[in-house]
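Below: the structure, in structure tokens.
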Amino acid sequence: MRPGGGISPSFVAQQRIRQLEQKLRAKEERIVVLETENALLHLKLAEFRGLIGRDTNEVAQLNFVHDKQQNLCRSTSSIIIQVYGAIQRLKRDLKNLHAFALELSRDFQHQYKNSLYQVLTAVQKIQLQNEALQTFQTKAFDLKQSLQEVNERYQQEKQKRKILHNSLIETVLVKCNRPGHTLINKTFQFDRVYSAAESQDAVFADVAPLLTSLLDGYNVCIMAYGQTGSGKTYTMLGPQSEDDVTLSTEDEPELGIIPRATEEVFRLISEKPPGSHWVEVSVVEVYNNEIFDLLAKDSCGRVFGVKRDVVTTKEGKSDVPLLTYETVENALEFLQLVDKGLQLRVKHPTLVHAHSSRSHLVVTLTITTKAVSADSFAPLWTDEQPSQKLSKELFCTFPQQMKDDKLIFPSRASSPAQFESVEKLKHIKTKLQLVDLAGSECVGMSGVTGVALRETSFINRSLSALSDVLGAIAEQRSHIPYRNSKLTHLLQDSIGGNAKLLVMLCISPCQKYLAESLQSLGFGTRARQVQRGQVKKRNLPVSSKSK
């Protein structure tokens, strides 16, 4: 304002400017509001456009579905027409099939009647054959009785022949007239006496018949007895060199009883059905009254002797638990195993024999026979269903069971029947024990000391125990002292059981061994006095041992 009270132009201009600025700010605010509204409108526009696009797609899809439904309706109509045509054709085929089934049924009934007539005719023939078979069975029973009578007469003649054979004996005459000694003039009787000139073939020719008994169900034991150096090992094993104790098979005429017996056993087995027999082998030695398994192996598979014990089972039989049994398929495999055992057999030199065996060698062949016995046919009758409308079927019948050695046939020949043959399998075990006894010897004659003297003591005590056992059996005592020695305990079944025992006495012809020879002959005489009655077969089922 001016001093005179008037309005200054600059003031008016400022007022105007402020008013314009306020209006400008109001316009700007309005512009902002409008722009905001414009943006919102654009958003709504975009939303409406999206809705319009979706509606357009839905309309297009609806149109597509509508067209598809129309095409489906046209296809369905065509299919219905085709199915109707197929149904009509099936009706015609079913009618034709029904007519064919009726014709087939008539043919089947006609053929069934013919077959039934043939079956009835066959059953009548079988019944006639059964009657004839029963007649034959009656005749067979009569023949069996006749055969039994003949067999009894044969056994009587066999016993007479045995008595006659025992009366044909050979004798050993021992005569000695030495200055300062008592005159000796003794006669010993034995079943067979071999001279020094006779071969191993001649000896085995008398032994071989015993081996046939093995496959007939009998146990067999063959042992060699005599003083040190009298030829026991040669008789049982054959020749052996000083540096090599292996069982030689090169010099065939000189083969001993053990290799020959093995070859004979496998020859006999080869004549039997394949797979019906198999052989297991064990090799033990009785040394200082202890039993050693000569086929036992260590963790590396090397053979070494392991001490075993002998026990008596609940059945009263002797058994060696954990004893090694090796299966062999031929004589060569057997000889290889025996060779391994011979490498471990204890030998020490004496004044009588440079390679004296200080133990009793026992080689056992266990022969298992697989015996198959078929039971009588067992009928399995089937119950007839009540709802069955067809005629009864007829089955040919077979013998149902055996009674009094005659066949019994089912009485209902027209009933349904099924039969099955039941086979029972049992194993029969027999043993062949081949024993090379250690030599009896006089301490003064052999000149042994120390360990060898202790061995001699055990050898003589075990042989004395063997003689005592044979004497007790010969005298039929109530108690047989088998357990007085591990040797007699081990051989209990072979000495006093049901085995056939053969003792080979080896006698030195030298005069300086006269005392030992007389002792051996006395042992043989005692063994010959043993009468164990009729030998029985081993035909009880046994379980296989672990190998």
Side-chain angles (χ1 to χ4, degrees), residues 128-170 190-192 204-222 261 264-265 267-274 276-277 367-378 398-409 421-432 473 476 493-494 496-502 528-542:
L128 293 175
Q129 291 176 356
N130 288 341
E131 294 176 359
L133 183 59
Q134 288 179 354
T135 303
F136 288 137
Q137 289 293 330
T138 303
K139 293 181 179 179
F141 178 71
D142 295 338
L143 289 174
K144 183 177 180 181
Q145 287 183 328
S146 300
L147 180 61
Q148 185 175 359
E149 294 175 358
V150 172
N151 188 42
E152 290 176 356
R153 291 198 298 268
Y154 168 74
Q155 293 298 332
Q156 294 173 358
E157 293 296 329
K158 184 178 180 181
Q159 186 66 22
K160 293 179 181 179
R161 183 169 57 87
K162 181 178 180 180
I163 296 174
L164 180 62
H165 174 74
N166 291 336
S167 64
L168 299 176
I169 58 177
E170 298 186 27
F190 298 100
D191 296 332
R192 183 77 164 86
F204 185 72
D206 293 331
V207 175
L210 267 181
L211 303 177
T212 306
S213 301
L214 280 170
L215 303 188
D216 292 337
Y218 299 97
N219 287 339
V220 175
C221 179
I222 303 172
E264 177 65 11
V265 167
R267 187 192 68 79
L268 294 173
I269 291 177
S270 67
E271 297 176 352
K272 303 296 181 179
S276 61
H277 296 73
I367 302 174
T368 303
T369 304
K370 182 169 61 175
V372 179
S373 60
D375 282 355
S376 302
F377 287 97
F398 295 92
Q400 178 178 345
Q401 57 184 348
M402 293 289 292
K403 184 177 181 181
D404 297 332
D405 296 326
K406 293 184 179 180
L407 292 173
I408 305 299
F409 291 85
S421 176
V422 181
E423 288 190 348
K424 288 186 177 180
L425 182 67
K426 66 179 181 179
H427 293 166
I428 301 173
K429 287 196 174 185
T430 53
K431 293 190 300 184
L432 170 62
I473 297 174
Q476 298 183 353
D493 298 341
S494 300
N498 295 323
K500 296 184 178 181
L501 174 63
L502 173 64
R528 190 170 179 270
Q529 293 172 349
V530 174
Q531 296 291 334
R532 290 179 297 183
Q534 186 177 2
V535 182
K536 299 178 181 179
K537 287 187 178 181
R538 302 265 302 183
N539 53 6
L540 295 177
V542 295

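All heavy atoms count here, side chains included; hydrogens, waters and symmetry mates do not.
Across every non-hydrogen atom of Leu211 and Leu268, the tightest pair is O-CD1, 3.8 Å. Residues Glu264 and Phe204 approach most closely at CB-CZ, 4.0 Å, considering heavy atoms. Contact between Leu215 and Lys272 at its shortest, heavy atoms only, is CD1-CE, 3.9 Å. Residues Thr430 and Asn219 share a closest heavy-atom pair of CA-OD1, 3.3 Å.
Interatomic distance, CD of Glu131 versus OG1 of Thr135, reported as 7.5 Å (0.5 Å rounding). Put simply, OG on Ser494 and CG on Leu501 are 7.5 Å apart, with the number rounded to the nearest 0.5 Å. Separation of atoms CD (Glu271) and NE2 (His277) is listed at 11.0 Å; rounding is to 0.5 Å. Atom CG of residue Asp206 and atom CZ of residue Arg192 lie 5.0 Å apart, to the nearest 0.5 angstrom. Taking CD from Gln129 and CD from Gln134, the interatomic distance works out to 12.5 Å, rounded to the nearest 0.5 Å. In this structure, Lys500 NZ and Leu432 CG are separated by 12.5 Å, a value rounded to the nearest 0.5 Å.
Proximity of Lys431 to Ile367: side-chain heavy atoms (C-beta onward) are nowhere separated by under 4.5 Å. Between Ile428 and Thr368, every side-chain heavy-atom pair lies at or beyond the 4.5 Å cut-off.
A donor atom on one side chain and an acceptor atom on the other are not found under 3.5 Å apart for Ser276 and Lys370.
In this structure, the side chain of Ser146 engages the main chain of Asp142 through a donor-acceptor pair within 3.5 Å.
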